**Q** 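Okay, here's the structure, questions in a sec.
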Amino acid sequence: MTLLAPPAPYQGLRRRVVDQFTIVSANRCRLARSVNWGPLDAILNEIVPVTGTGRVDTAGRLPPEVLVLLPVSTLSKRALVAFDLTGPGGSDAHLMPYGTSVAVQGNLIAGLADPLGAPLDETARRVVDAISRFRPGRLSGNYPRLAATRGRPLRLGAIRTYLEREADLAVTEERLRRWRGLVGDAERALAAALGEPFDPLSSAETLLLAVGELWRDPDVSDGLDPTAIEGYLTAFTSWIDALVGVGPDAVPVLSTVAEYGRRWEALAAVTVDPYRPFLIKSSEELRTILVRSVFARSTFGGSVPLWRQLLHPAAVIDVDSGGTASHHVSIGTDDTSIELDTPVMVDQFGDPVRRTYIEDIQRNREVYAFYTTDARRPARSRLIVGLSVSADVSRVTGAISVLMALTVGLTALPVSLAPDAVAVITLPSSFAATLLLTRERSSLAAWVLGPVKTVLLALLVALAVLAGLRAAGWHAPPDSAPASTVGRGCAVVPVPDRSGGGTLKAV
């Protein structure tokens with residue numbers, strides 16, 4: 001609890017976070033994270049009583065080993081893939097169940113709200129826990145047709161169908177419409193406090209999705225009663241209204257509630273020496289986000305030309321640098337035929353960040369790394385990393401593309417082609433076919449070269465069609481009248497009549 005929202009004296013306990021992103025393929029990206037924690041003796045001395053049964057050392061010292069519950073990372077609500085967690089010195093670190101995170105998150109929100117004079121009562125707490133408990137995969141994974149296009153609110157009929165199928169909760173459309181009007185102001189307040197693009201699958205911005213989680217709460221016995229559910233929603237919206245009335249001091253509470261509609265706290269039970277710094281390591285596989293035009297922005301906010309977007313696509317890397325003294329990030333790829341351009345840092349809305357507060361950079365064609373300790377840096381941002389093939393591959397591909405374009409253009413011209421010229425023209429097609437049939441080193445390289453190979457395939461098909469048309473007589477020269485021949489091809493030439501003689505014929 002204290003480490004999730006540390007007071008000022010303990011905000012530097014997470015000394016350093018090192019994130020290493022490796023783009024494995026067009027579908028997978030591996031994230032290896034290490035968190036360097038400082039000694040916990042000072043904060044534990046405030047929590048553990050000095051006298052009584054709290055200490056086993058009569059000298060007033062903490063035990064040499066203590067078992068603590070540490071926040072590992074704030075993760076988006078998605079299934080974990082190849083997740084691995086290691087404690088200090090390679091020891092075991094046990095990831096807590098999701099239900100434990102839901103309970104701790106509720107306690108954290110209640111602890112943040114109490115000093116503001118807007119305590120979280122038991123009824124509103126049930127909705128807070130339901131917001132944390134909902135996972136978007138329940139709808140988008142089980143019922144993908146109900147999910148709306150990203151950025152648009154869910155249809156009321158889709159929510160009704162989801163509640164009926166997933167939560168066994170039959171609610172009339174009229175009641176759902178009344179509930180949506182009831183929670184509308186609360187949804188807008190939470191979204192404004194979070195300050196991120198609207199997400200229809202966030203249970204804090206579409207509160208009716210959290211209704212289906214009430215019956216899963218062991219402390220809620222009437223989670224399937226529409227009248228009782230309306231009472232829970234009324235209590236929650238009243239609590240949100242009280243927080244809004246507090247003013248700017250309540251923004252951290254509202255933003256925390258909204259964030260737990262999208263993300264959850266990964267907590268781990270770790271055995272550590274309270275008097276020594278220690279290291280927690282984790283690794284997981286993420287989905288690679290590759291774009292060609294959506295997030296392609298220049299450093300100054302101007303749009304990148306379309307041809308450059310197609311030839312130089314980008315990978316989107318989500319960076320979470322908040323809550324730590326220093327943050328190190330490195331980005332690379334396993335495919336040596338792929339090169340990285342200098343990334344552009346953008347916010348959650350895709351707009352370039354004017355000041356990145358980066359203090360040191362190391363970059364080459366294969367790795368980009370930076371380091372920052374400035375507390376003013378954005379807590380969450382995105383890096384748009386440009387991707388391109390290596391120079392040797394791009395030169396060969398470009399030369400073959402130019403040759404194929406010239407070949408198709410020459411074939412389409414209405415001129416007669418000698419056999420030797422036809423042989424020279426068709427030679428680039430063999431190069432293009434070889435390039436198309438060659439398998440790339442990785443799916444990432446295949447995705448980067450996708451537009452170029454599509455153009456080559458189109459040129460190859462066009463060349464085959466034009467060759468077929470020429471064989472059928474297209475662009476053939478017009479037929480000329482053949483000359484009469486006799487014997488060995490000697491022409492018969494009429495000679496004009498002369499006086500005193502007949503007509504002479506020369507053979």
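No hydrogens, no waters, no symmetry mates; every other heavy atom, side chains included, goes into these values. Given the structure is predicted, the values throughout are model-derived calculations rather than measurements.
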**Q** For the pair Glu359 (side chain) and Thr373 (backbone), establish whether a donor and an acceptor sit closer than 3.5 Å, ignoring hydrogens and angles.
**A**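 Such a contact is found between Glu359 side chain and Thr373 backbone.
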
**Q** Could you tell me the separation between the CG atom of Asp374 and the CD1 atom of Ile358, rounded to the nearest 0.5 Å?
**A** 11.0 Å

**Q** For the pair Gln348 (side chain) and Pro197 (backbone), establish whether a donor and an acceptor sit closer than 3.5 Å, ignoring hydrogens and angles.
**A**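 No, because the side chain of Gln348 does not come within donor-acceptor range (under 3.5 Å) of the backbone of Pro197.
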
**Q** Between Glu187 and Arg180, does a salt bridge (Lys or Arg N to Asp or Glu O under 4.0 Å) hold up when you go through it step by step?
**A** CA-CA 10 Å; Glu187 291 174 344; Arg180 173 170 278 184; 6.0 Å; no

**Q** Search all heavy atoms of Leu340 against all heavy atoms of Ile331 and return the closest pair with its distance.
**A** CD1-O, 3.4 Å

**Q** Is Arg138 close to Tyr162 at the side-chain level, that is, under 4.5 Å between some pair of heavy atoms?
**A** yes

**Q** Using atom types as modelled and distance alone, determine if a side-chain donor or acceptor of Thr324 lies under 3.5 Å from a backbone N or O of Arg14.
**A**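 Yes: the side chain of Thr324 pairs with the backbone of Arg14.
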
**Q** Does the side chain to side chain donor-acceptor pair (under 3.5 Å) test come out yes or no for Ser25 and Asn27, once each step is laid out?
**A** CA-CA 5 Å; Ser25 67; Asn27 301 309; 4.8 Å; no

**Q** Got a donor-acceptor contact below 3.5 angstrom from the Thr333 side chain to the Ile23 backbone?
**A** yes

**Q** Less than 4.5 Å apart, side chain to side chain, heavy atoms only: is that true for Arg160 and Arg155?
**A**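 Answer no - side chains too far apart.
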
**Q** Under 3.5 Å, is there a donor-acceptor pair between the side chain of Lys77 and the main chain of Phe134?
**A** yes

**Q** I need the minimum non-hydrogen distance between Pro88 and Val270, along with the two atoms involved.
**A**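 Smallest heavy-atom distance, with atoms named: CD-CG1, 3.3 Å.
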
**Q** Are Val319 and His327 side-chain neighbours, meaning at least one heavy-atom pair lies under 4.5 Å?
**A** yes

**Q** Kindly say whether Tyr357 contributes a backbone atom to a donor-acceptor pair with the side chain of Thr372 at under 3.5 angstrom?
**A** yes

**Q** Which side-chain N or O atoms in residues 62-74 pair as donor and acceptor under 3.5 Å with protein atoms at least two apart or in another chain?
**A**
residue	atom	partner	partner atom	Å
Ser73	OG	Arg33	NH1	3.3
Thr74	OG1	Glu265	OE1	3.0
Thr74	OG1	Glu265	OE2	3.3

**Q** Can you tell whether the side chains of Arg135 and Glu213 come within less than 4.0 Å, N to carboxylate O?
**A**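 Looking at Arg135 and Glu213, the cut-off is not met.
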
**Q** Show your working on side chain to side chain donor-acceptor pair (under 3.5 Å) between Glu230 and Trp179 and close with a plain yes or no.
**A** CA-CA 7 Å; Glu230 191 163 337; Trp179 287 359; 3.1 Å; yes

**Q** Heavy atoms, side chains only, cut-off 4.5 Å: are Asn142 and Glu166 in contact?
**A**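 In contact.
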
**Q** Between Glu284 and Arg78, is there a side-chain N and carboxylate O pair less than 4.0 Å apart?
**A** yes

**Q** Report yes or no: does Arg216 contribute a side-chain atom to a donor-acceptor pair with the main-chain N or O of Gly212 at less than 3.5 Å?
**A**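 Looks like yes, one N/O pair under 3.5 Å.
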
**Q** Identify whether the distance between the nearest side-chain nitrogen and carboxylate oxygen of Glu205 and Arg188 falls below 4.0 Å.
**A**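 No salt bridge links Glu205 with Arg188.
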
**Q** Identify, with sequence neighbours excluded, every residue that meets salt bridge (Lys or Arg N to Asp or Glu O under 4.0 Å) alongside Arg16.
**A** none

**Q** Under 4.0 Å between a side-chain nitrogen and a carboxylate oxygen: does that hold for Asp129 and Arg125?
**A**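 Judged by the 4.0 Å cut-off on N to carboxylate O distance, Asp129 and Arg125 do form a salt bridge.
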
**Q** Under the side chain to side chain contact (heavy atoms under 4.5 Å, CB included) criterion, do Ile280 and Trp37 qualify, and how do the steps go?
**A** CA-CA 8 Å; Ile280 303 293; Trp37 289 85; 4.0 Å; yes

**Q** Decide side chain to side chain contact (heavy atoms under 4.5 Å, CB included) for Arg380 and Glu196; before the verdict, give the C-alpha distance in whole Å, the side-chain angles of both, and the deciding distance to 0.1 Å.
**A** CA-CA 10 Å; Arg380 282 193 175 87; Glu196 295 183 9; 4.1 Å; yes

**Q** Hey, does Ile109 have a side-chain heavy atom less than 4.5 Å from the side chain of Asn107?
**A**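 No, too far: nothing below the 4.5 Å cut-off.
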
**Q** Could you grab the distance from atom CG of Leu112 to atom CG of Leu116, nearest 0.5 Å is fine?
**A**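 Answer for the CG-CG pair, Leu112 versus Leu116, is 8.0 Å.
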
**Q** Give me the atom names and distance for the closest heavy-atom approach of Gly137 to Ser140.
**A**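 That closest heavy-atom pairing would be CA-OG, 3.6 Å.
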
**Q** Once you round to the nearest 0.5 Å, how far does CG of Leu176 lie from CG of Leu182?
**A** 12.0 Å

**Q** So do the side chains of Ile229 and Val171 get within less than 4.5 Å of each other, counting heavy atoms only?
**A**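 No, their side chains stay 4.5 Å or more apart.
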
**Q** Nearest 0.5 Å, what's the CG-CG distance between Leu80 and Leu75?
**A**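 So the CG of Leu80 and the CG of Leu75 are separated by 6.0 Å.
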
**Q** Hey, is the main chain of Pro378 close enough, under 3.5 Å, to the side chain of Ser321 for a donor-acceptor pair?
**A**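 Yes.
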
**Q** Which heavy-atom pair separates His328 from Tyr371 by the least distance, and what is that distance?
**A** CE1-CD1, 2.8 Å

**Q** Looking at Arg178, I want to see if its CZ is surrounded by more than 12 non-hydrogen atoms of other residues, nucleotides or ligands under 6.0 Å.
**A** yes

**Q** Applying side chain to side chain donor-acceptor pair (under 3.5 Å), run through Ser132 and Gln105 and close with a yes or a no.
**A** CA-CA 8 Å; Ser132 296; Gln105 291 168 189; 3.1 Å; yes

**Q** Please round to the nearest 0.5 Å and tell me the distance separating atom CG of Asp114 and atom CG of Leu120.
**A** 8.0 Å

**Q** How many angstroms lie between CG in Leu201 and CG in Leu154, if you round to the nearest 0.5 Å?
**A**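 Leu201 CG to Leu154 CG: 6.0 Å, rounded to 0.5 Å.
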
**Q** Applying side chain to side chain contact (heavy atoms under 4.5 Å, CB included), run through Phe236 and Thr123 and close with a yes or a no.
**A** CA-CA 7 Å; Phe236 177 78; Thr123 306; over 6 Å; no

**Q** Looking at side-chain heavy atoms only, is the closest gap between Leu383 and Val316 below 4.5 Å?
**A** no

**Q** What's the verdict on side chain to side chain donor-acceptor pair (under 3.5 Å) for Tyr232 and Asp217, showing C-alpha distance, side-chain angles and the deciding distance?
**A** CA-CA 13 Å; Tyr232 288 113; Asp217 193 332; over 6 Å; no

**Q** Would a 4.5 Å heavy-atom cut-off, applied to side chains only, mark Leu3 and Leu13 as touching?
**A**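 Of all side-chain heavy-atom pairs linking Leu13 with Leu3, at least one is under 4.5 Å.
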
**Q** When you measure from the side chain of Asp351 to the backbone N and O of Asp347, does any donor-acceptor pair fall under 3.5 Å?
**A** no

**Q** Tell me whether Arg61 forms a cation-pi arrangement with Tyr275, defined as NZ or CZ under 6.0 Å from the six-membered ring centre and within 45 degrees of its axis.
**A** yes

**Q** Is the count of non-hydrogen atoms from other residues, nucleotides or ligands lying under 6.0 Å from Arg175 atom CZ greater than 12?
**A** yes

**Q** Would you name the heavy atoms of Phe349 and Gly195 that are closest together and state the gap between them?
**A** CE1-O, 3.4 Å

**Q** Report the C-alpha separation of Leu209 and Leu139 in whole Å, then their side-chain angles, then the decisive distance to 0.1 Å, and conclude whether the side chain to side chain contact (heavy atoms under 4.5 Å, CB included) test is met.
**A** CA-CA 9 Å; Leu209 294 176; Leu139 190 147; 3.8 Å; yes

**Q** If I compare all heavy atoms of Thr288 with all of Cys29, which pair ends up nearest, and what's the gap?
**A**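 Heavy-atom minimum between the residues: OG1-N, 3.2 Å.
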
**Q** Show the atom names and distances, to 0.1 Å, of all donor-acceptor pairs under 3.5 Å that link a side chain in residues 237-258 to residues at least two apart or in another chain.
**A**
residue	atom	partner	partner atom	Å
Thr237	OG1	Leu233	O	3.0
Thr237	OG1	Thr234	O	2.9
Ser238	OG	Thr234	O	2.9
Trp239	NE1	Ala118	O	3.0
Ser255	OG	Val251	O	3.0
Ser255	OG	Pro252	O	3.0
Thr256	OG1	Pro252	O	2.6

**Q** Check for a donor-acceptor pair, side chain of Thr206 on one end and backbone N or O of Pro200 on the other, with a separation under 3.5 Å.
**A** yes

